[in-house]
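Heads up: the structure comes next, in structure tokens.
So that the names make sense, note that chain A is the first sequence line, chain B the second, and so on, each numbered from 1.
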Amino acid sequence: MNSIPDTLEGLISLEYRHGFETSIESDEIPKGLSEDTVRLISARKNEPEFLLEWRLEAYRRWLKMTPPTWASVHYPPIDYQDIIYYSAPKSQKDGPKSLDEVDPELLKTYEKLGIPLHERAILAGVAVDAVFDSVSVATTFKDKLAEVGIIFCSFSEAVQHHPELIKQYLGTVVPVQDNFYAALNSAVFSDGSFVYIPPGVRCPMELSTYFRINAKNTGQFERTLIIADRGASVSYLEGCTAPMRDENQLHAAVVELVALEDAKIKYSTVQNWYPGDKEGRGGIYNFVTKRGDCRGARSHISWTQVETGSAITWKYPSVILRGEDSVGEFYSVALTNHRQQADTGTKMIHVGRNTRSTIVSKGISAGFGQQAYRGLVRMARSATGARNHTQCDSLLLGDRCQAHTFPYIEVKNNTATVEHEASTSRIGEDQLFFCRQRGLSAEDAVSMIVNGFCKEVFKELPMEFAVEAQKLLGVSLEGSVG
Amino acid sequence: MLSIKNLQASVGDKPILKGINLDVKAGEVHALMGPNGSGKSTLSNVLAGRENATVTGGSVTYQGKDLLALAVEERAREGIFLAFQYPVEIPGVGNVYLLKAALNAQRKHRGLPELDAMDFLALVKDKMKLMEMNESMLYRAVNEGFSGGEKKRNEILQMVVLEPNLAILDETDSGLDIDALKVVSHGVNSLRSPDRAMILVTHYQRLLDYIKPDFVHVLSDGRIQRSGGPELALELEREGYAWVGDATNEGVVAP
């Protein structure tokens, strides 16, 4: 009994469970950012000229930009010259031909994370593209997917083998000058995932990527691009963890989704980056730009995110609803504990006629956690008959955390419908006492109460990941309920 | 089964219980009556282990164990059940889910195999008939959107599923209409057995028309002022609480 804290107070103080470091020799370039850094990264990756030019354009624009200050998060200024922009495990240099060639240390790391690549991938039928620091380590099931014409590979491989697709779609959803972090990512991104689903193909399995930040002082800048061609559909999941460190690490990713006519993309994220310690030392700065473009009629893009990690989260997965009758969805669970801060939400930009969007946001704050939901619903002049429904709930655990809601609604078409519902509630000592009085442990009780609160979002996750997300929330809550 | 000796407890700085002595044996039903603020709910909470009251003296022995040394959930698993005066709502958590988790946590503690979904459903549906509850309530979130009466029925449903050794009912009758009171009493009576004890905390004689107590105690100013048989409750009903102590002048008006 003594080992399990039984008060909300005690439950806040447990530690991060994914905090271990793998000692693998890394191939790094020196700290700092300049045009030379950008050229060096591009050269290491043997990129075509057009991509180097694209990166340089982004870099030049970035130089003139300033970091956004409107989010309600607080952190000291980041020294962009003190970051290593490229780090690859050394054994990677010649590239593994198969899983057997992957450094066993790396594979062990994945085991610790609970993702044994071979068995898990095969048993669960999940194709995993694992990104370790900056280079994609192994891509499973690639051949099987290739049979139906699906391309699922690291971004770098896509650049080598499918440059025409990269050229056609890269930066068309999130342009290089979109925002400060997106511009930085565009200049220095190291790797990421690429998915192309050809017309009419339903991807036969969940595609999954696990990101993990390992080397010290490395920013991780992944770039993900997913294209679902006419009538295609795909479900994609990313999971993220990082080892414990004292200093803060920057993670500035960009994800672009393109859905053509009748295509469907479901993108799910389980993010568990190291959140820093109880006093707020260390942890990941997660400054991410994610956007989907419903380019074709009747296309459908759905974002589901479970965000339990990171010291600071700044993230607004969005959908541009251009095609007639297209559908955008955003389901989010965000949890902040100790000194974590999150400013997260979505943007639904309705352009096409009869477009529909749904937003369900569940925020949980504990300890000294700070959380803001920030969401924009825009009905353009052309969005005749468009509809949005937003539901935004906050759960407070303890009395030192905060939750804020900032809904932005812009309507330029008087046939459009926008609904916004918001609620704030607390997990009380009385709920906890009730569950324990019925025989449940404090841990199980808190995890049950919070999972109940998040139910609407969890049911949107692919089955096997819903279970994981529930566990993760339980784990984070052991350290998170105040 | 339960032996309370000179129990003293405070809420904040305020002493509420000032030396309670009470022995409850298996098979007995005790009614605990008293005016508002006399310490009835505090006593229930102290027995269940709620942290908002601090025990400042005395002892409580339950089945030979030092009850006050046990955590809330350990007491529950050892068979202590508290039916709440104000049952809480837990949005998104299905009633059936909570009940199954609770029952299995308790069975595990007692070294019994956990029930699978099928066996559990058979059991709980049976108990719901007893409580005259619609099965759809199983799949609704715990107490969410329940009426006052439904919440109390739900408490007793939990009790008949968990089959505790010692049940403490904290003003279970408050807020119940006469039909609901009958159903709730029926549920409680179904649990009466030679190896089970109950403590009914109530303001009113009315409940005791349906659940016959073996003993009635009058609590006032943090002490048991009088104990007796069922006739004591009738006397209270006639006379009010004014005569039992000077701690409060809030008499009880017959419903």
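- In this structure, the side chain of E73(B) does not engage the main chain of S441(A) through any donor-acceptor pair within 3.5 Å.
- For the pair F433(A) and A48(B), the tightest heavy-atom approach, listed with the atom from each and the gap, is CZ-CB, 3.8 Å.
- Listed here is the closest heavy atom pair of A105(B) and G439(A): CB-O, 3.4 Å.
- Contact of F434(A) with chain B is made through backbone and side chain together, with heavy-atom distances under 4.5 Å.
- No other option in L82(B), N52(B), I80(B) has as many heavy-atom pairs under 4.5 Å with chain A as L82(B).
- Counting non-hydrogen atoms of other residues, nucleotides and ligands closer than 6.0 Å to CZ of R192(B) gives a total above 12.
- The line from CD1 of I90(B) to CG of N451(A) is 12.5 Å long, rounded to the nearest 0.5 Å.
- Contacts of residues 130-155 of chain B with chain A at a heavy-atom distance below 4.5 Å involve V142(B), E155(B), listed in sequence order.
- Contact of L99(B) with chain A is not made at all, since no heavy-atom distance falls under 4.5 Å.
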task = Might you work through the side-chain contact (heavy atoms from CB on, under 4.5 Å) test for Y86(B) and D430(A), ending with a clear yes or no?
result = CA-CA 10 Å; Y86(B) 304 109; D430(A) 53 345; over 6 Å; no

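- Counting only distance, with no hydrogens or angles, the side chain of Q437(A) and the backbone of R75(B) share no donor-acceptor pair below 3.5 Å.
- Contacts between E89(B) and chain A at a heavy-atom distance below 4.5 Å involve the backbone alone (N, CA, C, O).
- No donor-acceptor pair closer than 3.5 Å links the side chain of R438(A) to the backbone N or O of A102(B).
- Surrounding NZ of K459(A) are more than 12 heavy atoms belonging to other residues, nucleotides or ligands, all under 6.0 Å away.
- Counting heavy-atom pairs closer than 4.5 Å to chain A, the top residue among P91(B), P87(B), G94(B) is P91(B).
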key: Criterion side-chain contact (heavy atoms from CB on, under 4.5 Å) on L440(A) and L98(B), from CA distance to verdict   = CA-CA 9 Å; L440(A) 300 175; L98(B) 171 88; 4.0 Å; yes

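- In summary, E74(B) and R436(A) do not engage in a salt bridge, as defined by a charged side-chain N under 4.0 Å from a carboxylate O.
- Heavy-atom distances place the side chain of Y97(B), and not its backbone, under 4.5 Å from chain A.
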Contacts under 3.5 angstrom, residues 113-129 of chain B side chains, donor-acceptor by atom type, not counting sequence neighbours:
residue	atom	partner	partner atom	Å
D116(B)	OD1	M118(B)	N	3.2
D116(B)	OD1	D119(B)	N	2.9
K127(B)	NZ	E163(B)	OE2	3.4

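- Proximity to chain A is limited to the side chain of L162(B), based on heavy atoms less than 4.5 angstrom apart.
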